[in-house]
Amino acid sequence: MSEFPEPPMPEDDLPEQMRVRREKRDRLIADGVEPYPVEVPRTHTLGEIRATYSDLPADTSTGAEVGVTGRVMFMRNTGKLCFATLREGDGTELQAMLSLAKVGQDALTAWKADVDLGDHVFVRGEVITSKRGELSVLADEWRLTSKALRPLPVAHKELAEETRIRQRYVDLILRPKARDVVRTRANVTRALRDSFHRRGYTEVETPMLQTLHGGASARPFVTHSNAFDLDVYLRIAPELYLKRCVVGGIEKVFEINRNFRNEGSDSSHSPEFAMLEYYQAYATYDTIGVLTREIVQEAAEAAFGSQVVTLADGTEYDLSGEWSALTMYGSLSDALGEEVTPDTSVEKLRAFAAARELEVDPKLGHGKLIEELWEHLVGSKLHAPTFVRDFPLETSPLTREHRDQPGIAEKWDLYVRGFELATGYSELVDPVVERRRLTEQAKLAAGGDSEAMRLDEDFLRALEYGMPPSGGAGMGVDRLLMALTGLGIRDTILFPLVRPE
RNA sequence: GGGCCGUUAGCUCAAUUGGUAGAGCUGCGGACUUUUAAUCCGUAGGUUCCGGGUUCGAGCCCCGGGCGGCCCA
């Protein structure tokens, strides 16, 4: 660092606490002390020392010499004896002690003058326990390993939510739970991958930059390729590419990656979110539903050691065993007290909505009306994990029509704690029907429905080579984390999109 | 897109009817060789989000804007 010029910030404008820290850095460099050394002789992690010396009585000397590092999270300086709590990456803490008798006057004075809360330090010394029994390293020598120029927020008050999200690094420093979420997420995604690999699935990465956006109904982000002089879309779903894989003979295929939807952002929607999709030849929406339940249960088991998880509010949520299932038309009929079927007229559905003071877009057709009514009257009330089966065909253009019931699609949605976690299908593989459905959607798009899909000729060509009967499903990975932890989406995503300050 | 609420010191928050902007922690100076959010003494720290208006006087009232949260679509 010392070879670089002074920081560009005008020092006069800095808050006092930052000015003081900058001046310490500058003074150290002027005195020939490197505040950002390239390497320090660390011999043990704090965790290793805690593990090795877990049961020492108070006021013990071990004779063991170690070199440790950590961020200073707590300090107590008295006249001739100083204490500091060091914390390392996984949250393990260990106390460092500096006594006049051991380090000498110069090193003790320098410690008091140079070290602030939040600094990284190296301490070499003997492993002991204090008179109060605290496992400590009694320093023979210490040095700065990284000078912090900004003061940490106070540790005893909760950080404002906005600061937590905008400055996640500060959140991670201060809040062990924030680090737990990151590790839980890693455990969950690893569990998902393990579950699929165990079942003989192949993981692929399909295009995020697409010239046509398909596979879902959502508004895309648009960007531009200079090399091709072409507007391209950030994908809204990987579905059409994963089906191309199945056509090509990759009969069990999955992808975990990001989707982008240029739509609202709230406590359960993020413009950029992690999606899991999986397709299997010779599966149906029944077998893919069983698979879905198993991978969620395996993820809970891997992350928490149990299929009964404890949520952020302290309540328990049971994901074990079989999950209940209901049909969309059946459960909606029950909620309305009147039978609705794929033949129920749009006028009648509008009347149901009006009678319940539910405002609906007058442009909505039968399928959308059914889904709106269902979501309002049934979906939002579902708490236990529940498969909702057999959707209106017209709103499921990529789904096979029910084998026995015309007008209904072999599709389910998985509801967990009142929100949609996953959706699965018996895939439509007849290229002629598929072309007809996609063309209808494209016509709607031309009519101004921005959520309708455009025609993907290459995808249809792939289907025309013959896709085996298949089941497929998609699951929001962020939402899986929400389901398992009870957190909002902005706390399951490390760095969610926020407006610039 | 609409409605409501919030925005004040490094952090978390106060501020009566419109009348000198405060506290705790943090910081700075000092005392203390066993501290765990130590204790004690002293002390500093503010463009009250931004711009305009009303007023003798605005953190507070009015108008516009920014950012955020909640609810609704």
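So you know, we letter chains A, B, ... as the sequences are listed, proteins then strands, and number each from 1.
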Euclidean distance, atom CD1 of residue A/I165 to atom P of B/G68 [Å, nearest integer]: 10 Å
Between B/A73 (P) and A/H376 (NE2): distance, integer Å: 7 Å
Consider salt bridge (charged side-chain N to carboxylate O under 4.0 Å, His left out). Of A/E134, A/E93, A/E88, which one does A/R50 pass it with? A/E134
In whole angstrom, give me the gap between the P atoms of B/A44 and B/U8. 24 Å
Between B/G18 and B/C60, how far apart are the P atoms? Round to whole Å, please. 11 Å
What do the steps show when you test A/R71 against A/L86 for side-chain contact (heavy atoms from CB on, under 4.5 Å), and what is the final call? CA-CA 5 Å; A/R71 187 190 292 274; A/L86 309 186; over 6 Å; no
Does A/E158 reach a base, just sugar-phosphate, or nothing at all? Heavy atoms under 4.0 Å. sugar-phosphate
Verify, without hydrogens or angle tests, whether A/R437 (side chain) and A/T399 (backbone) share a donor-acceptor contact under 3.5 angstrom. yes
Across all strands, who's sitting opposite B/G1 as a Watson-Crick or G-U wobble pair, both distances under 3.5 Å? B/C72
Out of B/C67, B/C25, B/U34, whichever nucleotide has its closest atom nearest the side chain of A/V154: B/C25
Residue met sooner reading RNA chain B from 5', once A/R490 and A/K80 are mapped to nucleotides: A/K80
Now, which nucleotide makes the Watson-Crick or G-U wobble pair with B/U16, with each of the two distances under 3.5 Å? none
Testing B/G69, B/C11, B/A37 for proximity to the side chain of A/P153, the answer is B/C11
Picking from B/U33, B/C11, B/C28, the nucleotide nearest the side-chain atoms of A/V20 would be B/C28
Side chain of A/A101 only, heavy atoms from C-beta on: which candidate in B/U36, B/U33, B/C28 is closest? B/U33
So, applying side-chain contact (heavy atoms from CB on, under 4.5 Å) with A/H366, which one of A/L349, A/L393, A/D343 is it? A/L349
May I ask you to decide if the ring planes of A/F391 and A/W374 are parallel, tilted or perpendicular, using 30° and 60° as cut-offs? tilted
Considering only B/U34, B/U12, B/G27, which nucleotide approaches the side chain of A/L81 most closely? B/U34
Return yes when atom NZ of A/K112 has more than 12 non-hydrogen atoms of other residues, nucleotides or ligands closer than 6.0 Å, and no otherwise. yes
Of the nucleotides B/G10, B/U34, B/U12, which one has an atom closest to the side chain of A/M97? B/U34
Pair partner, B/C60 [Watson-Crick or wobble, under 3.5 Å]: none
Could you list all N or O pairs between the protein and nucleotides 49-51 of chain B that sit under 3.5 Å apart?
none

So, is A/R166 close to the B/G68 phosphate, meaning a side-chain N or O under 4.0 Å from OP1 or OP2? yes
Taking a pair to mean Watson-Crick or G-U wobble geometry with both distances below 3.5 Å, B/U33 pairs with none
Mark yes or no for whether A/R21, through its side chain, and A/K147, through its backbone, hold a donor-acceptor pair below 3.5 Å. no
A/R175 CZ to B/C11 P, in whole Å, measures 17 Å
A/E263 side chain to A/R219 backbone, donor-acceptor under 3.5 Å: yes
From the options B/G27, B/U12, B/U34, select the nucleotide whose nearest atom is closest to the side chain of A/K157. B/U12
Do A/W142 side-chain atoms and A/A107 backbone N/O form a donor-acceptor pair below 3.5 Å? yes
Does any nucleotide pair with B/G42 by Watson-Crick or G-U wobble geometry, both distances under 3.5 Å, and what is it? B/C28
Nearest listed nucleotide, side chain of A/D116, among B/C28, B/U12, B/U33: B/C28
Going by purine N1 to pyrimidine N3 plus the second Watson-Crick contact, or the G-U wobble pair, all under 3.5 Å, which nucleotide sits opposite B/U48? none
What is the distance, rounded to the nearest whole Å, between atom CZ of A/R150 and atom P of B/U26? 20 Å
Pairwise P distance, B/C28 and B/A14 [rounded to whole Å]: 27 Å
Tell me: CG of A/L100 to C1' of B/C32, nearest whole Å? 13 Å
Paired to B/G6 by Watson-Crick or G-U wobble criteria (both distances under 3.5 Å) is B/C67
Among A/T423, A/T327, A/L382, which residue meets the side-chain contact (heavy atoms from CB on, under 4.5 Å) test with A/V388? A/L382
Working note: A/D114 + A/K24, criterion salt bridge (charged side-chain N to carboxylate O under 4.0 Å, His left out); need CA distance, chi angles, decisive distance, verdict. CA-CA 6 Å; A/D114 299 347; A/K24 287 183 182 177; over 6 Å; no
Restricting both atoms to N or O, compile the protein contacts to nucleotides 4-8 of chain B shorter than 3.5 Å, with distance only.
none

So which nucleotide from B/G10, B/C28, B/U34 ends up closest to the side chain of A/E16? B/C28
Aromatic contact, A/Y415 with A/H383 (centres under 6.0 Å): no
Taking atom C1' of B/C25 as reference, at what distance in whole Å does atom CG of A/L174 sit? 13 Å
Provide the distance between the two P atoms, one in B/G69 and one in B/U33, to the nearest whole Å. 50 Å
Between B/A58 and B/G51, how far apart are the two P atoms, rounded to whole Å? 15 Å
Side-chain N or O of A/R499 closer than 4.0 Å to phosphate OP1/OP2 of B/G66: no
Comparing A/M75 with A/S130, nearest RNA chain B nucleotide closer to 5' gives the residue A/S130
Which whole-number value in Å describes the distance from A/K24 NZ to B/U26 C1'? 12 Å
Atom-pair distance (CG on A/N77; C1' on B/U33), nearest Å: 12 Å
